[in-house]
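Presented below is the structure to which this report refers.
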Amino acid sequence: MLDTWTAIDFETANNDRGSACSVGLVRVSGGRVVERYSTLIRPPRPVDFFSARNTAVHGITAADVAGAPGWEQVHRDIVEFCGQSPLVAHNAAFDVGVLRRACAHSGMAHPEWDYVCTLALARRTWGQLADHRLPTVCAHIGHVLGAHHRADADAEAAAQVVLAAMAHYGTSSLLELSGASGLVLSHLPAGAAVAVPEAVPVEGGDRFSRWQSQARAPLPRAWSGADPDGPLFGQVVCVSGELESMDKTEAWKRVAEAGGHPAKNVTKKTGVLVAGRNDHGGKSAKQRQAEAYAAQGQRIRVVDEARFLALLGLEQG
């Protein structure tokens, strides 16, 4: 039921999306918070180290999680807590990526979920804000975010963003909110209990099936209400290779939300090529084509995934 949903937020130990070290959950039903859950997590063994950069953001160390439950137990708790209700998160691509990647490191299956990104929702609802980072949006809606980058506080904040948007549009469920705001619910397909190699991002189904699905998928249209001064507004954007943070259909949706025009191939209209990972190493055919156009004088930028996320204004946790 779309009048019951769960806000979720993860923190990670290092730059691997699967290194979950903390999670916060806030369940909302009938327009009010009915239950909360949070815990520290021992990250999956392949990625259980803490980087100084991540610890500087959230303050969690290896010593803090030494006695915490592992991912297998926490994942069971998440599934039990959320059930089949939709998830919401601020920069949901990050949190969904944590779910997928941590399960892959642990050789575990995960169920399917619909989810809503409150970052995209905030952009559509309060476009006048200088930015749509969680602290900025919370200040606008009057929610006190006391400890940004603490999973329980950020999950609570994401829940309050949805409730504020519902009040703004006069809606009472995620389905009604989606219709009023024009924001389409995203979908995380179920993942099989198969550990994948580190170089392969986790998705539902085999790679060839995903490629076929992406090749047939229609491209979303640029949102005319996006910030015209945004770095991707009006740009034709092509994604090459695999992204760790999201699949291509999600990337296309993000580009369109920013007012850009997603494209499947590099052409003389392309303004940005996102160079993801490819199995063969080196440059992809699309990147070589983009560089050839650039050598001929075309204004085209080749950016990596980190720069792409920055252009989209996405936070890393």
His168: side chain to side chain donor-acceptor pair (under 3.5 Å) partners, not counting sequence neighbours: none
I'd like to know if the side chain of Asn54 and the backbone of Asn14 have a donor-acceptor N/O pair within less than 3.5 Å. yes
N/O donor to acceptor pairs below 3.5 angstrom from side-chain atoms of residues 306-313, sequence neighbours left out:
none

Applying side chain to side chain donor-acceptor pair (under 3.5 Å) to His187 and Glu112, what does each step give before you reach the verdict? CA-CA 7 Å; His187 182 70; Glu112 62 179 354; 3.1 Å; yes
Give the ring-plane orientation class for His58 versus Phe50, where under 30° counts as parallel, over 60° as perpendicular and anything between as tilted. perpendicular
Electrostatic pair Glu72-Arg76, nearest N-O below 4.0 angstrom: no
List the steps, then state whether side chain to side chain contact (heavy atoms under 4.5 Å, CB included) holds for Cys82 with Leu25. CA-CA 8 Å; Cys82 299; Leu25 302 170; 4.2 Å; yes
What distance do Ser173 atom OG and Leu177 atom CG have between them, rounded to the nearest 0.5 Å? 8.0 Å
Determine whether a donor-acceptor pair (N or O, by modelled atom type, separation under 3.5 Å) exists between the side chain of Gln298 and the backbone of Gly271. no
Presence of salt bridge, Lys283 and Glu291, under 4.0 angstrom: yes
Out of curiosity, Leu185 CG to Trp5 CH2, how far, rounded to the nearest 0.5 Å? 12.0 Å
CA sep, side-chain torsions, deciding dist, call: Asp95, His90, side chain to side chain donor-acceptor pair (under 3.5 Å): CA-CA 8 Å; Asp95 299 283; His90 205 74; over 6 Å; no
Between Val79 and Trp113, is there a side-chain heavy-atom distance shorter than 4.5 Å? yes
Look up atom CG in Leu273 and atom OH in Tyr293, then write down how far apart they are to the nearest 0.5 Å. 12.0 Å
Would Arg124 and Glu257 count as a salt bridge (Lys or Arg N to Asp or Glu O under 4.0 Å) if you check the C-alpha gap in whole Å, the side-chain angles of each, and the deciding distance to 0.1 Å? CA-CA 8 Å; Arg124 285 181 173 267; Glu257 286 282 349; 3.0 Å; yes
Which pairs, with at least one residue in residues 20-48 and sequence neighbours excluded, count as a salt bridge (charged side-chain N to carboxylate O under 4.0 Å, His left out)? Arg27-Glu35, Arg36-Glu156
Test item: Ser178 side-chain N/O and Leu183 main-chain N/O as donor-acceptor pair under 3.5 Å: yes
Measuring from Tyr115:OH to Ser85:OG, what's the distance to the nearest 0.5 Å? 15.5 Å
Look at atom CD of Glu80 and say whether more than 12 heavy atoms of other residues, nucleotides or ligands are closer to it than 6.0 Å. no
Donor-acceptor check, side chain of Thr270 to backbone of Thr267, threshold 3.5 angstrom: yes or no? yes
